[in-house]
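Have a look at the structure below, then the notes.
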Amino acid sequence: MPEGHVIHRLATAHRERFAGRPVRVDSPQGKFADAAALLDGQPLEAAEAWGKHLFLGFAPVGWVHIHLGLYGKVAFGEPPVPRPVGQIRLRLANDDHWSELRGPNTCALRTDEERAAVAARLGPDPLRADADPERAWRRVSTSRSAIGTLLMDQAVVAGVGNIYRAEVLFRHGVDPHRPGREVDRATWTACWEDLVTLMREGVRLGRIDTVRPEHTPEATGRPPRVDDHGGEVYVYRRAGQPCLVCEGPVATAKVAARNLFWCPRCQPR
DNA sequence: AGGGCATGGGCAT
DNA sequence: TGCCCCTGCCCTG
């Protein structure tokens, strides 16, 4: 379930389990074997998330740059380290913990400079203390592109995925098709601050919950829903179902090869 | 058993 | 715009 909150959780999880001690590193699948051999036995010195990118620091060898893409997953456990099942790109282990990385879009060794270059092409990350939301506003306020597209552009805002995109626009009554430059500053600021809040909550809980207390099934008496991504949301993957606020049908459209969801009544043009 | 699909993103065209 | 990467899950048959 890799939006930015997952990656920040993974950074913390790696730090807690592996930082400061030598780590056994291998690549049972073999695709990362050469790098793993260089890293094996080195201590993990840092684990950082920038948007959806995870960097594991093994100075002086370098950084392991991980991007989960759509399918990637990391599993953790305690010894004994299980026999490899399926395709494990990267495996870490010490005497107390192990991890297995499967199906990543990216798993590569990077230099300091390469890591900085990846970070430099990303927009501000609502989950990072060093984020500069003005950079995002400059892009949004001068762009003819739809706000729904801009929010998914990692060079504008880093870490937002399809769920946070849909949900934050719903929460602020913004039609995803509205051009960025027609979004006023107050609305944008409210969206940014809401992303900070929602994504921090996502890090804390490990799931995406965006429904305000007054709209939960408990509060409204509506039947509870089951969301297969594991959280309570207003519009994401609820096409055709009644809006939790106005009861009109939630709309969906394929935009830039991604499913977009919104409520036409609550988010008018 | 097999197809479709998914919370991403780089790249060719 | 669409293909590829290459995993897991859910549905159909």
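The structure displayed is predicted, hence computed values, not measured ones.
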In whole angstrom, give the distance that lies between atom [atom1] of [X] and atom [atom2] of [N].
X	N	atom1	atom2	value
A/Tyr236	B/dG8	OH	C1'	12 Å
A/Phe32	C/dC6	CZ	P	15 Å
A/Arg258	C/dG2	CZ	C1'	14 Å
A/Leu68	B/dG10	CG	C1'	16 Å
A/Asn259	B/dT7	CG	P	6 Å
A/Leu151	B/dG8	CG	P	12 Å
A/Ile66	C/dC6	CD1	P	16 Å
A/Arg89	C/dC5	CZ	P	12 Å

Pair [X] + [Y], salt bridge at N-O below 4.0 Å:
X	Y	answer
A/Arg115	A/Glu113	no
A/Arg144	A/Glu182	no
A/Asp26	A/Arg24	no
A/Arg171	A/Glu193	no
A/Arg21	A/Asp96	yes

From [options], nucleotide with atom closest to [X] side chain:
X	options	answer
A/Arg121	B/dG10, C/dG8, C/dC6	B/dG10
A/Gln87	C/dT7, B/dG8, B/dA6	C/dT7
A/Lys31	C/dC6, B/dA6, B/dG8	C/dC6

Can you see if the side chain of [X] gets near the phosphate of [N] - specifically, an N or O under 4.0 Å from OP1 or OP2?
X	N	value
A/Tyr164	B/dT7	no
A/Lys52	B/dG8	yes
A/Gln154	B/dG9	yes
A/His67	B/dG9	yes
A/Asn105	C/dC6	no
A/Arg237	B/dA6	no
A/Lys254	C/dG2	no

**Prompt:** Using a 3.5 Å cut-off on both pairing distances, which stems of three or more Watson-Crick or G-U pairs include DNA chain B?
**Reply:**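 Stem list for DNA chain B: B:1-6 with C:7-12, B:8-12 with C:1-5.
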**Item:** Whole-angstrom distance between C/dC5 and B/dT13, as gauged at atom P
**Value:**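 Nearest-Å result for C/dC5 against B/dT13 at atom P: 15 Å.
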**Request:** Take atom P in C/dC3 and the same atom in B/dG4, then report the distance between them in whole Å.
**Result:**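 These two P atoms come out 13 Å apart once rounded.
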**Request:** Establish, yes or no, whether the cationic atom of A/Arg128 lies under 6.0 Å from the six-membered ring centre of A/Trp50 and within 45° of the ring axis.
**Result:**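 Yes, a cation-pi geometry.
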**Request:** May I ask you to check if A/Arg110 and A/Trp63 form a cation-pi contact, with NZ or CZ under 6.0 angstrom from the six-membered ring centre and within 45° of the axis?
**Result:** no
**Message:** Tell me whether A/Asp40 contacts the main-chain N or O of A/Val25 through its side chain, where contact means a donor paired with an acceptor under 3.5 Å.
**Reply:** yes
